[in-house]
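Contents: one structure, followed by commentary.
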Amino acid sequence: LLLFAGILIYSSFSWGFVLFKFWHWFMMPVFFTLPSISFYQAVGILLFIGVFKTKVLEVPLKDEFIDSKKKINNIIIRVIAPWMVLLMGILMKSLIS
C-alpha cells in the first residue's frame with residue numbers, strides 16, 4: 001500500500017512538473033490571456049483530468065499471469081516517461097526559439 005501511494009505521489013508530481021513547464025513554454029506565448037499557473041495547480045489539473053481518463057471497467061490481470069520482467073519494464077517506463085516527454089519539450093522549445 002505504501003509503495004502504491006509512493007508511486008502515485010511520484011507520478012502526480014513528476015507529470016505535474018512537465019505540465020507546469022509546458023504551460024509556460026508553449027501555452028502562454030500563444031494564448032496571451034491565459035493565466036500563469038503554479039506547480040501545485042498543474043498537479044491538480046492533471047489529477048482532475050485523470051478522473052476522466054481512468055478505465056473503471058478494466059479488469060487487471062492477476063500477478064501470477066504477468067511475468068516479472070514485464071512488471072519491471074512497466075515500472076521503469078512509468079518512472080522515466082515524464083522525463084522523456086520533458087526532454088522532447090525542451091528540444092521543441094529550442095527549435096521554436
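Both backbone and side-chain heavy atoms feed into the values below; hydrogens, waters and symmetry mates do not.
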To the nearest 0.5 Å, what is the distance between CZ (Phe22) and CD1 (Ile90)?
8.0 Å
Do Leu47 and Ser12 come within less than 4.5 Å of each other through their side chains, counting heavy atoms only?
yes
Show which residues join Leu91 in its hydrophobic cluster (side-chain heavy-atom contacts under 4.5 Å, direct or indirect), or state none.
Met88
With sequence neighbours left out, the residues meeting side-chain contact (heavy atoms from CB on, under 4.5 Å) with Ile76 are Ile72, Ile80
How far does CE of Met84 sit from CD1 of Ile77, to the nearest 0.5 angstrom?
11.0 Å
Linking I/L/V/M/F/W/Y whenever any side-chain heavy atoms sit under 4.5 Å apart, do Val18 and Leu8 land together?
no
Nonpolar side-chain network containing Leu3, other nodes, edges under 4.5 Å
Ile7
Residues 23-44 side chain polar contacts: donor-acceptor under 3.5 Å, at least two apart:
residue, atom, partner, partner atom, Å
Trp23, NE1, Pro35, O, 3.0
His24, NE2, Ile37, O, 3.1
Ser38, OG, Gln41, N, 3.2
Gln41, OE1, Ser38, N, 2.7

Find the distance between CG (Leu19) and OG (Ser14) and round it off to the nearest 0.5 Å.
11.5 Å
Taking the side chain as every heavy atom from C-beta outward, state whether Phe17 and Trp83 have any pair of such atoms under 4.5 Å apart.
yes
Transitive ILVMFWY cluster of Leu87 at side-chain heavy atoms under 4.5 Å: who else is in it?
none
